[in-house]
Engineer: 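Mind looking over this structure? Questions follow.
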Amino acid sequence: MKKLLDLISEEMKKAFAEAGYAEELGRVTLSNRPDLCEFQCNGAMAGAKQYKKAPIMIANEVAEKLQGSAVFAEVEAVMPGFLNLKLSTTFLKEYIQGMRDADKFGLEMPENPLTIVIDYGGPNVAKPLHVGHLRSAIIGESVKRIAKYAGHNVIGDIHLGDWGLQMGLIITELQERQPDLVYFDDSFEGEYPEEAPFTISELEEIYPTASGKSKEDAAYKEKAMEATFKLQNGVRGYRALWNHILNVSVTDLKKNYNNLSVNFDLWKGESDVHDIIPGMVDYMKKEGYAHESEGALVVDVKEETDTKEIPPCMILKSDGASLYNTTDLATIMERMDKIKPDYLIYVVDKRQDLYFEQVFRCARKTKLVNPETKMTFLGFGTMNGKDGKPYKTREGGVMRLERLISEVNEEMYQKIIENRTIEEAEAREIAKTVALSAVKYGDLSNQASKDYIFDIDRFTSFEGDTGPYILYTIVRIKSILNKYKEQGGNLECVGLQEAVNASEKALMLELTKFNAMMETAYEEIAPHKVCAYIYDLANAFNRFYHETKILAEEDESKKAGWIALLVLTRDVLETCIDVLGFTAPERM
Ligand code: ARG
């Protein structure tokens, strides 16, 4: 379906042309004086010079041509030459009826859907998830859902950190604690046990211990590096142990991401490209892209137009070990080979900005990607506490994701049971759903690149620009619809009607913005636009609700028209929260 602004611009352009002026002048925008009109056109002002005429004269002539237009109820030429516009209620009703009957409320699907890989999440195996991982998961999931909704083939890949020194550290610490484990016996040739020799909580304690030790003890670090080397070179026992670490950790990660309604299509990791790295390195050398520099292998990526220093991209360290860059480049190579994406999006902390600039340039220069392959780094800011510093626990430690979520759940639960009787199990369930909306909306309503303050009190509030406010609005609509059904009404049989009052028309106008908004949210990779839209829509609905006695209305067809409008509003809101990655309860 065409966007409403395009449709009314067409009508306006026709009028400009009929009055003898250039068509382009007829572009219509939303009004910046909503107290006076709904839309406006400033074309007469823009054309005054060219036609050597007072703008108001042009505006008057154009307004004349629009008398009797089926699109506008009012076209007013006002000094010094604005055209103030109000939409015809019939036209408006037809437009939202079209939305209701169309697939995806009339959002136009791309002629050539793109294949898009979204790299997000990026947790490191055996390290507990902390708040730093929350943003990548929340934003990435929403970007993925928006792109899917916009009609593209989208693949979300978690890109696990499962291959570096951290694995060697864990293995070293395990060996210190349990030197007799069969994995460390070089002469062992049998089958390794199926059961891992540690639990997830042990694992999560082992890593920080090992990491701490390696910083103090050079010999320990040396051992860890050797263990990493042995692992990467395929020593059987080390590989078997690594498999255990991976399995135990991934099981736990899946549980955590599940609780956040975050789902990955691919659970690939850095380790998956280990075997293709030598081939990639040879290729880069052979084609003359990579050269040696102080013993290391690098690709120069600076460009003449650079205003800041962009260091070379290091492919191999002087000891021949691969790096973070190497695995990212090899992953690009593999994705191009297996998935053939048109577009790669990385949702990672914005402090990795320069790093991704190097990686993207290197991938282009070495032709790992096609010239037309798009690569975008969506860098996000830090989640801070009220003190403006990265969010911590009350005791000042790193905040684990599980703890954060359970604290918000508890806060929400207290609010849900306040002043009423409700079954504990139901209250817990509702609290979980609403808490997720609080956390996700609190994050997504900010532009991703900005830092934001994680404020539990504000995020969990039922009022203001919050997730719970949006859910509360949806639940309110659902409850009216249920009562309508109890009164014997049938939601299938209701038809939209022309707006009879101002707040109703305002709600309809808000609904019409859906397709343009979703298109922009996709193109600009901007979930915050979806948040801003549903906040406006929820406000428009609540204004209408407060001014209208819907269920008490005696005129049945009028009532049915309002109910139809509610159904559409609910559906649009639910679609939007779905692309944001959360859902609404039936009641709250
Ligand atoms: N594991 C990395 C980290 O913790 C993030 C991975 C981001 N994705 C990527 N393709 N490099 O910093």
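Because the structure is predicted, anything quoted here is derived from the model rather than measured.
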Engineer: Please confirm whether the ring centroid of Phe105 lies under 6.0 Å from the ring centroid of Phe514.
Structural biologist: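 Yes - the distance between ring centres of Phe105 and Phe514 falls below the 6.0 Å cut-off.
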
Engineer: Is it true that, when you exclude Tyr472 itself, more than 12 heavy atoms of the residues, nucleotides or ligands shown sit nearer than 6.0 Å to its OH?
Structural biologist: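 It does not: Tyr472 OH has 12 such atoms or fewer within range.
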
Engineer: Look at atom NZ of Lys432 and say whether more than 12 heavy atoms of other residues, nucleotides or ligands are closer to it than 6.0 Å.
Structural biologist: no

Engineer: Do Asp465 and Tyr441 come close enough that some side-chain heavy atom pair is under 4.5 Å?
Structural biologist: yes

Engineer: Report yes or no: is the cationic atom of Lys254 (NZ for Lys, CZ for Arg) under 6.0 Å from the centre of the six-membered ring of Trp267, at an angle within 45° of the ring normal?
Structural biologist: yes

Engineer: Donor-acceptor pair, distance only, cut-off 3.5 Å: does the side chain of Lys340 make one with the backbone of Thr115?
Structural biologist: no

Engineer: In Å and rounded to the nearest 0.5 Å, what is the CE to CG distance from Met1 to Asn515?
Structural biologist: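 It comes to 6.5 Å.
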
Engineer: With sequence neighbours left out, what residues match Tyr149 under ring pair (Phe, Tyr, Trp, His ring centres under 6.0 Å)?
Structural biologist: none

Engineer: If the test is ring pair (Phe, Tyr, Trp, His ring centres under 6.0 Å), which one of Phe264, Phe377, Tyr346 qualifies with Tyr120?
Structural biologist: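 The passing option is Phe264.
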
Engineer: So does Arg100 have more than 12 non-hydrogen atoms from other groups sitting under 6.0 Å from CZ?
Structural biologist: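 Above 12, so yes.
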
Engineer: Tell me, do Met517 and Cys576 make a side-chain contact under 4.5 Å, heavy atoms counted?
Structural biologist: yes

Engineer: Carefully, step by step, assess Gln414 and Glu410 under the rule side-chain hydrogen bond (donor to acceptor under 3.5 Å, both in side chains).
Structural biologist: CA-CA 6 Å; Gln414 294 304 335; Glu410 189 55 35; 2.9 Å; yes

Engineer: Over all heavy atoms of both residues, which pair between Met518 and Val530 is shortest? Give the atoms and the distance, please.
Structural biologist: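 Minimum heavy-atom separation between Met518 and Val530: SD-CG2, 4.4 Å.
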
Engineer: For Thr373, is there any backbone N or O sitting under 3.5 Å from a side-chain donor or acceptor partner on Asn370?
Structural biologist: no

Engineer: Is a side-chain donor or acceptor of Glu524 paired with a backbone partner of Ala526 at a separation under 3.5 angstrom?
Structural biologist: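 Answer holds: no.
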
